[in-house]
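Below is one structure, written out as structure tokens, with a few remarks after it.
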2 protein chains.
Amino acid sequence: MMLSRASKYAILSTLFLAEHVKDKKKISVKVIAESIDVPSPFLAKLFQQLVKGKIISSTKGPNGGFYLTKSNQKKSVLDIIENIDGLNRLNECFLGLSECDGSNPCPVHFIVEPFKNSILGKFRDKNIMEFSEEIVSHGRKLSLKDLSPEFDKK
Amino acid sequence: MMLSRASKYAILSTLFLAEHVKDKKKISVKVIAESIDVPSPFLAKLFQQLVKGKIISSTKGPNGGFYLTKSNQKKSVLDIIENIDGLNRLNECFLGLSECDGSNPCPVHFIVEPFKNSILGKFRDKNIMEFSEEIVSHGRKLSLKDLSPEFDKK
DNA sequence: TTTATAAAAGATAAAAAGGTCTTAATATAT
DNA sequence: ATATATTAAGACCTTTTTATCTTTTATAAA
């Protein structure tokens with residue numbers, strides 16, 4: 001019922017890519033890592049895995065970097081989590097009981113269950129772009145620095 | 001927004017003590033560890049800390065073990081969590097953002113917040129015995145083995 | 001008062017998570 | 001073609017969490 005730091009980084013940085021799809025530029029690990037304040041070698045590892053999992057795309061070389069294809073843009077946040085943490089982690093009982101369901105619930109099962117459904121639903125049903133658009137439309141800024149000054153340098 | 005395994009063990013085993021308050025017998029680490037299927041040296045360490053934190057009580061020697069005084073029985077689940085994990089862990093943003101509140105929310109803030117309030121409320125406002133009674137009255141059995149056969153041996 | 005029993009204390013070890021570094025591969029621009 | 005920028009791959013390191021082991025201390029029963 002909780003995300004690893006790795007998953008969180010992966011979600012935030014993929015949302016970052018989503019926010020910048022319109023820029024039609026590839027973005028390097030370094031830029032993203034600095035923007036969302038994450039250790040860049042660690043993020044690089046995560047990105048390797050996300051590329052393998054076809055969640056994001058990359059090209060090497062000058063002006064290379066990471067980006068989202070049309071196909072990538074249809075992935076959900078849950079796809080990211082699944083790719084990094086697997087799904088077990090999210091389905092575990094809040095109190096760690098091995099058997100925990102409606103017929104044999106842990107003490108907080110009926111508090112946790114609606115929340116879990118709600119958040120998993122959101123993570124499953126909205127694709128990356130919709131998720132990103134919702135953030136923007138609600139004026140909910142991720143605590144990511146604005147990328148534009150970096151681009152301007154070139 | 002998530003408990004360590006240590007906290008989970010601590011909660012379950014304290015609830016176990018609560019369920020057996022009426023038996024008026026002290027219970028050893030070994031019995032509890034086997035009942036809730038937790039490594040007993042690890043639980044022993046946790047219990048040391050819970051005793052120091054005055055969440056539970058202990059006596060050494062023959063027929064010694066752990067138990068809840070009247071005062072212990074008034075502690076909340078949140079007291080246990082605070083004693084083992086501290087409170088920070090529960091208050092962290094679901095996506096790991098350093099700044100995340102109503103005025104600068106992360107993408108899932110408004111899903112997570114009501115849940116967090118609900119579960120923290122429950123953990124804060126119910127004391128151990130009330131919590132335990134609720135479990136029993138709802139027929140929600142923890143996946144703890146029944147202790148009675150162990151007692152019968154003596 | 002001796003002995004058995006159980007927790008306390010503290011050192012140590014193993015596993016998992018998080019993070020870094022180095023080298024290789026590859027795409028692009030010149 | 002070559003130099004350069006960038007990801008890919010994989011080995012390695014560090015920290016935190018989880019777990020164990022050994023010795024000491026306290027209690028209570030016989």
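What's counted below: heavy atoms across the whole structure, side chains too, no hydrogens, waters or symmetry copies. Chain A is the first sequence line, chain B the second, and so forth, proteins listed ahead of strands; every chain is numbered from 1.
- The backbone N or O of Asp101(A) sits nowhere less than 3.5 Å from a side-chain atom of Asn104(A) that would complete a donor-acceptor pair.
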Exercise. Check the pair Ser13(B), Leu43(B) against side chain to side chain contact (heavy atoms under 4.5 Å, CB included), reporting the backbone distance first and the verdict last.
Key: CA-CA 9 Å; Ser13(B) 45; Leu43(B) 188 56; 3.5 Å; yes
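- Contact check for Met2(A) versus Glu92(B): no side-chain heavy atoms found under the 4.5 Å cut-off.
- Rounded to whole Å, the distance from CD1 on Ile84(A) to P on dA17(C) is 13 Å.
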Please list, for nucleotides 15-18 of chain D, all pairs of protein and nucleotide N/O atoms separated by less than 3.5 Å.
| from | atom 1 | to | atom 2 | distance (Å) |
| --- | --- | --- | --- | --- |
| dT18(D) | OP1 | Arg5(B) | N | 3.1 |

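- For the pair Gln49(A) CD and dT7(D) P, the computed distance is 17 Å after rounding to whole Å.
- Computed from coordinates, the Tyr67(A) OH to dT7(D) C1' distance equals 12 Å when rounded to whole Å.
- A donor-acceptor distance shorter than 3.5 angstrom exists from the side chain of Gln73(A) to the backbone of Leu68(A), with no hydrogens or angles considered.
- Both Pro41(B) and Gly64(B) lie close to DNA chain D; mapped to their nearest nucleotides by heavy-atom distance, the more 5′-ward contact belongs to Pro41(B).
- A tilted orientation is assigned to the rings of Phe131(A) and Phe123(A), their planes being inclined by 30° to 60°.
- In this structure, the NZ atom of Lys25(B) is 15 Å from the P atom of dA7(C), given to the nearest Å.
- Between Lys26(A) atom NZ and dT28(C) atom C1' there is a gap of 9 Å when expressed in whole angstrom units.
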Quiz prompt | Evaluation steps, side chain to side chain contact (heavy atoms under 4.5 Å, CB included), between Leu78(A) and Asp125(A) | solution = CA-CA 9 Å; Leu78(A) 199 63; Asp125(A) 300 337; over 6 Å; no
Table of protein N/O atoms under 3.5 Å from nucleotides 8-13 of chain D N/O atoms:
| from | atom 1 | to | atom 2 | distance (Å) |
| --- | --- | --- | --- | --- |
| dA8(D) | OP1 | Ser58(A) | OG | 2.8 |
| dA9(D) | N7 | Gln48(A) | NE2 | 2.7 |
| dG10(D) | N7 | Lys45(A) | NZ | 2.2 |

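- Each of Ser40(A) and Thr59(A) was matched to the nucleotide of DNA chain C holding its nearest heavy atom; the match closer to the 5' end belongs to Ser40(A).
- Looking at Glu19(B), its side chain never comes within 3.5 Å of a backbone N or O of Phe16(B) through a donor-acceptor pair.
- In the hydrophobic cluster analysis, where Ile, Leu, Val, Met, Phe, Trp and Tyr join through side-chain heavy atoms closer than 4.5 angstrom, Tyr67(B) is grouped apart from Leu46(B).
- Regarding Ile32(A), its CD1 atom lies at a distance of 12 Å from the P atom of dT6(D), rounded to whole Å.
- Summarising the geometry, the separation between CE on Met2(B) and C1' on dA17(C) is reported as 16 Å, rounded to the nearest angstrom.
- If you check every strand for non-hydrogen atoms under 4.0 Å, Gly61(A) touches a base.
- By the 6.0 Å contact criterion, NZ on Lys70(A) is open, its count of non-hydrogen atoms from other residues, nucleotides or ligands being 12 or less.
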